[in-house]
Each structure stands twice: as structure tokens, then as C-alpha cells.
Number of protein chains: 2
Amino acid sequence: MDRVKLFNDFLSQKGLKSTSQRKLILETFLESASHYSTEELYLKLRKEHPRIGYATVHRTLKLFAECGIAAERNFGDGQTRFESVHADEHHDHLVCTKCGLIIEFEDQKIEELQKLVASQHNFKIENHRLELYGLCKHCRSPK
Amino acid sequence: MDRVKLFNDFLSQKGLKSTSQRKLILETFLESASHYSTEELYLKLRKEHPRIGYATVHRTLKLFAECGIAAERNFGDGQTRFESVHADEHHDHLVCTKCGLIIEFEDQKIEELQKLVASQHNFKIENHRLELYGLCKHCRSPK
DNA sequence: ATCTTTCTGAAAATCGTTTTCAATATCTTC
DNA sequence: GAAGATATTGAAAACGATTTTCAGAAAGAT
């Protein structure tokens with residue numbers, strides 16, 4: 001709940017201003033657990049607030065990413081998506097190649113094996129991404 | 001070594017033609033184990049063959065991907081890269097965020113755990129991507 | 001060799017993203 | 001609460017990577 005506060009602190013710390021658009025965008029972004037592209041969030045916002053601009057939505061999403069509220073993701077469809085980041089929790093994705101459904105998961109064993117691989121190659125991991133692409137429950141069944 | 005044959009078979013099967021440019025691009029692509037972007041391969045080719053066109057390189061790389069000789073990858077730098085695919089072998093990547101070094105690795109245990117996760121969510125995996133981002137051996141050390 | 005079809009390379013178009021700019025809103029400070 | 005300084009907004013233009021168009025060239029079939 002204090003992601004709003006977190007964002008406001010971030011803004012004032014950087015000498016940025018708290019505007020009605022930024023409040024609105026954050027609110028809408030947090031409302032749904034979806035993985036928004038700029039376009040998608042822009043279209044959703046425009047229904048209720050026709051005067052909002054695409055650039056503003058995009059710039060604000062970038063700010064979310066910068067302050068850690070959101071993370072930029074790319075699932076190979078040519079659109080950058082922003083997902084809400086919850087504290088230190090880390091998760092990966094199952095992506096349905098047919099309907100676009102995105103499911104999040106976490107697997108501690110996989111994480112550990114990743115660390116092992118990295119150390120074998122003398123790498124210091126900063127972050128990672130793991131995505132499994134395939135057919136979801138619904139798209140698997142014939143009809 | 002029969003990736004050349006594989007490509008030729010693919011071409012004739014689709015009613016496409018075997019041209020000097022396609023031969024050249026495939027040869028150069030296979031020569032190095034690098035992860036080429038269209039731009040990089042284009043620049044490399046142009047040194048020896050100044051008349052080759054960017055579009056031709058790009059179209060040919062797409063053909064490689066289509067016939068399974070290459071795979072498209074995206075490491076988050078805004079450029080699509082094409083990497084040589086060796087038969088059924090599957091591998092993932094360690095990417096150095098400082099110098100751009102890309103190391104390939106394979107880990108059977110991780111693959112198995114992925115399958116497990118997928119089945120828990122009723123997914124049928126078609127493919128996956130796993131990338132570990134961090135500092136490589138050289139970039140870790142102070143100087 | 002001729003004919004049909006595909007291919008090539010240059011340039012233009014496209015797509016998502018980012019920047020520019022004049023008008024507007026926010027945040028001081030008085 | 002008004003004035004001034006600074007950041008923000010939205011529309012449009014710019015941008016970079018990728019894709020398409022098109023007329024001339026090359027490949028493969030007849």
C-alpha cells in the first residue's frame with residue numbers, strides 16, 4: 001500500500017513534481033495485476049480520461065521502473081511490458097503462445113542452480129530472466 | 001557441416017532460389033560462433049562485399065530462423081540477435097552487463113525443473129529462454 | 001536461349017519508443 | 001494567495017530497428 005508513498009518520496013527526492021496524471025497512472029497501474037505495455041495502459045486510461053497523452057503514460061511507466069515499483073519485461077512480441085514489482089520477491093513467467101496468458105511462478109531450486117552455473121563461469125549475477133513459452137491449460141485442449 | 005545442405009533443401013522445398021548472396025551470408029554466419037545482429041553481420045559482410053544490401057542480410061537471417069539453422073534472441077539491448085542452432089541441443093546464456101560477453105551453457109537439472117513447473121500449471125512447453133545477467137570474470141575484478 | 005519467377009539493393013514505409021516544444025501546472029517564496 | 005521559477009503535459013516530430021516496395025538483375029525451368 002505504500003507504493004504510493006514510495007513513489008512520492010522518489011519524486012520529491014529527485015525534485016520532480018506530483019501531478020494529477022502521475023497519481024492517476026500509478027493508481028490504475030496498481031489496480032490491475034496485468035503486465036501492461038505502454039499502449040495497453042494508455043488505451044485503458046483514455047476511456048476515462050481522454051485528454052491523457054501517450055508520452056505521459058510512457059514517461060510515467062519509465063519512472064515506475066526507475067524507482068523500482070515496476071520492472072520492464074519483454075516477452076518477444078515486440079512490446080515492452082511493465083509489471084508491478086512486489087518488494088524483494090522474484091518471479092519468472094509462463095507465457096501462452098496462443099492466447100498471451102502470463103502466469104508468474106517462483107522456484108527456489110531453479111534459482112539455486114542458476115547461482116551454481118554462474119559461479120562455475122566466474123560470473124556475478126545481477127539479475128536473470130526465465131520464461132517458459134507454450135500452451136496453457138485452455139489452449140491445449142482441442143476446443 | 002550439412003547445415004548448408006539443410007538450407008539448400010529448405011530453399012528448394014519452398015520454391016526459393018539458391019543465390020550467391022545467400023550462400024555467402026550462410027557461410028559467413030556459420031564461420032563465427034558469434035551472436036550476430038543484422039547490423040553486425042551486414043557490416044562484416046560489407047568489408048569484403050560492398051555491394052551487399054542490408055535488407056538482403058536481414059531477409060536471409062530470417063530464412064535461417066525459419067528453417068531452424070538460427071534462432072532469434074533478444075538480450076535487451078534493443079537489437080535482435082541471431083545465433084547458430086546446433087541440432088537438438090538447447091542452451092541458455094550468461095550475459096555480461098558491462099562488456100557484452102555472451103557465454104552459452106546447458107543445465108539438464110534446470111530443464112527438468114522447468115518441465116515440472118510447467119506441468120504443475122498445466123502448460124505444455126514449446127520452448128523457453130533463460131538468461132543470467134551479471135558481471136563476467138574480467139569485469140568483476142577492479143581493473 | 002527464352003521465359004517465368006524469385007531475388008536484390010536502395011529507398012521508403014512501418015512500428016514501437018523517445019524527444020521536442022509551446023502551453024500549462026506545480027511548487028516555492030514572498 | 002499572487003508571482004516567479006521550474007518541471008510537466010500532450011501533440012507532433014524524430015528516432016532506430018525492422019520490414020516492405022519496386023524496378024532491374026539473376027536463377028531455374030522449358
Side-chain angles (χ1 to χ4, degrees), chain A residues 7-28 35-67 70-82 100, chain B residues 4 7-29 35-67 70-82 100:
Chain A
F7 185 53
N8 285 330
D9 289 354
F10 169 78
L11 289 179
S12 61
Q13 191 191 347
K14 295 208 95 183
L16 305 177
K17 291 171 181 173
S18 173
T19 67
S20 64
Q21 287 91 335
R22 287 180 176 162
K23 283 179 208 157
L24 169 67
I25 294 167
L26 178 54
E27 198 178 297
T28 309
H35 294 68
Y36 284 116
S37 64
T38 298
E39 174 105 32
E40 286 167 356
L41 185 51
Y42 167 65
L43 290 176
K44 173 157 186 176
L45 284 162
R46 226 173 47 149
K47 286 181 191 160
E48 299 280 328
H49 307 269
R51 312 227 31 218
I52 203 149
Y54 181 97
T56 302
V57 176
H58 188 261
R59 284 186 284 230
T60 306
L61 282 171
K62 285 284 194 185
L63 285 178
F64 293 171
E66 198 182 330
C67 76
E72 293 187 44
R73 291 267 176 184
N74 190 311
F75 296 109
D77 65 346
Q79 292 213 304
T80 302
R81 285 170 193 286
F82 293 81
Chain B
V4 175
F7 186 53
N8 285 331
D9 290 352
F10 169 78
L11 289 178
S12 62
Q13 190 191 348
K14 295 208 93 182
L16 305 178
K17 291 173 178 170
S18 173
T19 68
S20 64
Q21 288 92 334
R22 285 179 177 164
K23 283 179 206 155
L24 170 65
I25 295 167
L26 177 55
E27 199 178 296
T28 309
F29 178 72
H35 293 69
Y36 284 116
S37 64
T38 299
E39 173 104 35
E40 286 167 358
L41 185 51
Y42 168 64
L43 290 176
K44 173 158 188 176
L45 284 162
R46 228 175 43 152
K47 286 181 191 158
E48 299 280 328
H49 308 269
R51 312 226 31 217
I52 201 147
Y54 181 97
T56 302
V57 176
H58 187 260
R59 283 185 284 231
T60 306
L61 282 171
K62 284 283 194 186
L63 286 178
F64 293 170
E66 197 181 331
C67 76
E72 295 186 44
R73 289 267 176 184
N74 189 312
F75 296 110
D77 65 346
Q79 291 213 304
T80 301
R81 287 170 191 287
F82 293 81

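Residue numbering restarts at 1 for every chain, and letters A, B, ... go by the order of the sequence lines. Every heavy atom of this structure was used, including side-chain atoms; hydrogens, water molecules and symmetry mates were not.
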Engineer: Taking the side chain of A:Ala55 as its heavy atoms from C-beta onward, which of D:dT19, D:dG28, D:dA11 lies nearest to it?
Structural biologist: D:dA11

Engineer: I need the CD-C1' distance between A:Gln79 and C:dT14, as an integer number of Å.
Structural biologist: 14 Å

Engineer: Roughly what angle, to 10°, lies between the helix axis at the start of the helix from C:dA1-D:dT30 to C:dC30-D:dG1 and the one at its end, five pairs per end?
Structural biologist: 30°

Engineer: Return the 5'-most residue of the pair A:Gly15, B:Ser20 with respect to DNA chain D, ranking by each residue's nearest nucleotide.
Structural biologist: A:Gly15

Engineer: Take atom CZ of B:Arg59 and atom P of D:dT20, then tell me their distance rounded to the nearest Å.
Structural biologist: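 From B:Arg59 CZ to D:dT20 P: 10 Å.
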
Engineer: Could you check if a side-chain atom of A:Leu63 sits within less than 4.5 angstrom of a side-chain atom of A:Leu16, using non-hydrogen atoms only?
Structural biologist: yes

Engineer: Could you give the CG-to-P distance, from A:Leu63 to D:dT8, as a whole number of Å?
Structural biologist: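 Rounded to whole Å, this separation is 8 Å.
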
Engineer: According to a strict under-4.0 Å criterion, is B:Tyr54 in side-chain N/O contact with OP1 or OP2 of D:dT18?
Structural biologist: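 Yes.
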
Engineer: What is the distance, rounded to the nearest whole Å, between atom CG of A:Leu11 and atom P of C:dT28?
Structural biologist: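 Taking CG of A:Leu11 and P of C:dT28, I get 12 Å after rounding.
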
Engineer: Under the ring-ring contact (aromatic ring centres under 6.0 Å, His included) criterion, do B:Phe64 and B:Phe29 qualify, and how do the steps go?
Structural biologist: CA-CA 10 Å; B:Phe64 293 170; B:Phe29 178 72; 5.4 Å; yes

Engineer: Whole angstroms only, please: what is the CD-P distance between B:Glu40 and D:dT18?
Structural biologist: 10 Å

Engineer: Taking for each residue the nucleotide of DNA chain D with the nearest heavy atom, is it B:Arg81 or A:Lys17 whose nucleotide lies nearer the 5' end?
Structural biologist: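 By nearest-heavy-atom nucleotide position, the 5'-most residue is A:Lys17.
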
Engineer: How close or far is atom C1' of C:dC15 from atom NE2 of B:His58, stated in whole angstroms?
Structural biologist: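 About 13 Å, once rounded to whole Å.
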
Engineer: Have a look at B:Thr38 and tell me which of B:Lys62, B:His58, B:Arg59 forms a side chain to side chain contact (heavy atoms under 4.5 Å, CB included) with it.
Structural biologist: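 Only one option passes, and that is B:His58.
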
Engineer: Check this one for me: any side-chain N or O of B:Thr80 less than 4.0 Å away from OP1 or OP2 of D:dT18?
Structural biologist: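 So the side-chain polar atoms of B:Thr80 do come within 4.0 Å of the phosphate oxygens OP1 or OP2 of D:dT18, strictly under.
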
Engineer: Measuring to OP1 and OP2 of D:dT9, would you say a side-chain N or O of A:Thr19 lies under 4.0 angstrom away?
Structural biologist: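 The answer is yes; a side-chain N or O of A:Thr19 sits under 4.0 Å from OP1 or OP2.
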
Engineer: Got A:Thr60 and A:Gln21 here, is their nearest side-chain heavy-atom distance under 4.5 Å?
Structural biologist: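 No; the side chains remain at least 4.5 Å from each other.
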
Engineer: Do B:Thr28 and B:Glu48 have side chains that approach each other closer than 4.5 Å (heavy atoms only, starting at C-beta)?
Structural biologist: no

Engineer: Expressed as a whole number of angstroms, how long is the span from B:Ile25:CD1 to C:dT8:P?
Structural biologist: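 Spelled out: CD1 on B:Ile25 to P on C:dT8 is 7 Å.
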
Engineer: OP1, OP2 of C:dT8 versus side-chain N and O of B:Arg22: anything below 4.0 Å?
Structural biologist: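 It does, given that an N or O in the side chain of B:Arg22 lies less than 4.0 Å from OP1 or OP2 of C:dT8.
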
Engineer: Should A:Leu61 and A:Thr80 count as side-chain neighbours, where that means a heavy-atom distance under 4.5 Å?
Structural biologist: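 No, their side chains stay 4.5 Å or more apart.
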
Engineer: Look at the side-chain N and O atoms of A:Gln21 and state whether any lies under 4.0 Å from the OP1 or OP2 oxygen of C:dA25.
Structural biologist: no

Engineer: Is B:Glu72 close to B:Phe82 at the side-chain level, that is, under 4.5 Å between some pair of heavy atoms?
Structural biologist: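 Yes, side chains in contact.
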
Engineer: Base, sugar-phosphate, or nothing: which does B:Ser37 touch, judged by heavy atoms less than 4.0 Å apart?
Structural biologist: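 Since no nucleic acid heavy atom lies under 4.0 Å of B:Ser37, the category is nothing.
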
Engineer: Provide, to the nearest angstrom, the distance between the CD atom belonging to A:Glu39 and the P atom belonging to C:dT17.
Structural biologist: 9 Å

